[in-house]
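For reference, the structure discussed in these notes is given below.
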Protein chains: 2
Amino acid sequence: MLTIGRLGQAAGVKVPTIRYYEQIGLLPPADRSAGNQRIYDRATLDRLSFIRHARELGFSLEAIRDLLSLSDKPDQSCAAADAIAKAQLQAVQARIARLRALQTELHRMIDQCACGTIRDCRVIETLGDHSLCAQDHGAEA
Amino acid sequence: MLTIGRLGQAAGVKVPTIRYYEQIGLLPPADRSAGNQRIYDRATLDRLSFIRHARELGFSLEAIRDLLSLSDKPDQSCAAADAIAKAQLQAVQARIARLRALQTELHRMIDQCACGTIRDCRVIETLGDHSLCAQDHGAEA
DNA sequence: CTAGGGGCTCTAGTCGCTATAGCTTCAAGG
DNA sequence: CCTTGAAGCTATAGCGACTAGAGCCCCTAG
């Protein structure tokens with residue numbers, strides 16, 4: 001049996017975050033001690049560790065909610081879990097592609113800067129005039 | 001002279017976003033017509049285009065605020081502008097590196113899934129047990 | 001028995017918008 | 001001149017995923 005602080009330490013999650021997860025229903029309402037303090041068991045630690053790991057991999061809380069409810073039904077097909085993971089992989093790949101375009105453009109911008117005055121600064125100039133860009137770098141990161 | 005709608009179209013920025021930028025002081029308070037509607041000149045279009053382009057490159061509004069105030073002082077050294085751009089480049093590179101680690105881990109997870117039941121699902125299992133991960137994929141995207 | 005460290009609730013703030021509600025103004029057509 | 005509908009206005013609240021603060025209570029060690 002764990003207090004919220006120990007649970008947080010064990011799972012690598014901050015205490016207010018645990019309370020937040022409870023509030024939004026990602027964790028079930030915790031049992032309380034005589035003095036109204038939350039007490040947790042090992043199963044909750046596992047669940048919280050799952051959440052933390054999924055967050056580290058970039059899953060949204062919504063996706064995690066789905067994954068958790070799947071993991072509670074061991075006999076079902078895991079196709080749905082797979083689909084969520086694949087969507088996440090695609091999202092990650094899209095973000096990488098976009099960031100690479102940004103990286104290129106930022107590099108170009110910085111390389112061209114002769115580091116004189118603002119008047120001649122390519123960084124400022126390039127920002128002001130999109131047509132100076134070599135590539136597209138659409139919206140949304 | 002432009003209405004807010006035309007300005008938005010010209011710069012590729014939505015109308016509420018323009019009002020928001022004014023509210024937080026990124027754009028100066030607009031002049032008003034007789035009927036209290038905002039009217040804009042070309043200079044504001046340039047400023048807004050600058051903001052939009054910088055946003056597309058991932059700069060924060062705070063960084064853009066700094067860049068704009070620099071661009072108003074053409075005689076100063078552009079070292080400060082350079083520093084902001086370099087910091088942005090570094091941030092982008094860090095995010096790419098992190099996303100690549102995520103990509104690898106997601107790939108591994110999905111590849112190992114034999115697509116049977118949840119009980120045997122490597123996706124769910126891997127999420128529940130960080131030690132199954134090949135690499136580190138620290139916090140923060 | 002008291003000190004301090006952890007726990008509790010509730011509220012507000014972060015970032016960069018976006019959406020809604022309910023109003024006024026403007027430009028074009030009849 | 002009047003109507004209609006688009007576009008404008010203000011003000012407020014919401015998103016995701018927390019984080020920070022205020023002000024209180026509880027529990028354990030010395």
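Below, all heavy atoms of this structure are taken into account, side chains as well, without hydrogens, waters or symmetry copies. Model, not experiment: these values are computed from the prediction. Letters go in sequence order (proteins before strands), and every chain restarts at 1.
Rounded to a whole Å, the CD atom of A/Glu22 is 12 Å from the P atom of C/dC10. The interatomic distance linking B/Ile24 (CD1) with C/dT18 (P) rounds to 13 Å, in whole Å. We find that CD1 of B/Ile18 is positioned 17 Å from P of C/dG16, with the value rounded to whole Å. Note: CD (B/Gln23) to C1' (D/dC9) measures 13 Å, nearest angstrom. In this structure, B/Leu7 places its CG atom 15 Å from P of D/dA7, rounding to the nearest Å. A straight line from CG of A/Asp31 to P of C/dC8 spans 13 Å, rounded to a whole angstrom. Atom CD1 of B/Ile39 is separated from atom P of D/dC9 by 11 Å (rounded to the nearest Å). In this structure, A/Leu2 atom CG and C/dG6 atom P are separated by 16 Å, rounded to whole Å.
Residue-environment remark: CD (A/Gln9) stays at or below the threshold of 12 foreign heavy atoms within 6.0 Å. Enclosure of atom CZ in A/Arg42 is not indicated, since only 12 or fewer non-hydrogen atoms of other residues, nucleotides or ligands lie within 6.0 angstrom.
The CZ atom of A/Arg100 sits 6.5 Å away from the CD1 atom of B/Ile96 when rounded to the nearest 0.5 Å. Note that the CZ atom of A/Arg108 and the SG atom of A/Cys113 stand 13.5 Å from one another [nearest 0.5 Å].
Taking 4.5 Å as the limit, some side-chain heavy atom of A/Phe50 sits within range of a side-chain heavy atom of B/Ile124. A/Ile84 is not listed as a side-chain neighbour of B/Val123, based on a closest heavy-atom distance of 4.5 Å or more.
Dashed line: the shortest gap from a side-chain N or O of A/Arg32 to OP1 or OP2 of C/dT9 is under 4.0 Å. Considering only side-chain N and O atoms, A/Arg19 lies under 4.0 angstrom from the phosphate OP1 or OP2 of C/dC8. Proximity of A/Thr3 to the phosphate of C/dG7: a side-chain N or O atom is located under 4.0 Å from OP1 or OP2.
Taking the ring pair (Phe, Tyr, Trp, His ring centres under 6.0 Å) definition, one finds that A/His130 meets it with A/His137, B/His53, sequence neighbours left out. Residues forming a side-chain hydrogen bond (donor to acceptor under 3.5 Å, both in side chains) with B/Arg38 (at least two apart in sequence, or on another chain): B/Glu22.
Among the heavy atoms of the strands lying under 4.0 Å from A/Ile4 are primed sugar atoms or P, OP1, OP2 only; no base atom is included. If you check every strand for non-hydrogen atoms under 4.0 Å, A/Arg38 touches sugar and phosphate atoms only.
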Check nucleotides 22-29 of chain C for protein N or O atoms closer than 3.5 Å to its own N or O atoms and list the pairs.
from	atom 1	to	atom 2	distance (Å)
C/dC26	OP1	B/Gly35	N	3.3

Distances under 3.5 Å between protein N/O atoms and the N/O atoms of nucleotides 13-21 of chain D, please, pair by pair.
from	atom 1	to	atom 2	distance (Å)
D/dA17	OP2	A/Leu61	N	3.3
D/dC18	OP2	A/Tyr21	OH	2.8
D/dC18	OP2	A/Arg55	NE	2.9
D/dT19	OP2	A/Thr17	OG1	3.3

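Legend: salt bridge (charged side-chain N to carboxylate O under 4.0 Å, His left out) pairs involving residues 61-70 of chain B, not counting sequence neighbours, sorted by first then second residue: B/Glu62-B/Arg65.
Nearest heavy-atom pair, A/Ala79 versus A/Ser77, reported as atom, atom and distance to 0.1 Å: N-OG, 2.9 Å. Across all non-hydrogen atoms, the minimal contact from A/Cys78 to B/Cys115 is SG-CA, 3.6 Å.
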Handout entry: side chain to side chain contact (heavy atoms under 4.5 Å, CB included) between B/Ile51 and B/Leu27, intermediate numbers included
Key = CA-CA 9 Å; B/Ile51 294 170; B/Leu27 291 176; 3.9 Å; yes
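End-to-end axis angle for the helix from C/dC1-D/dG30 to C/dG30-D/dC1, using five pairs per end and rounding to 10°, comes out at 20°.
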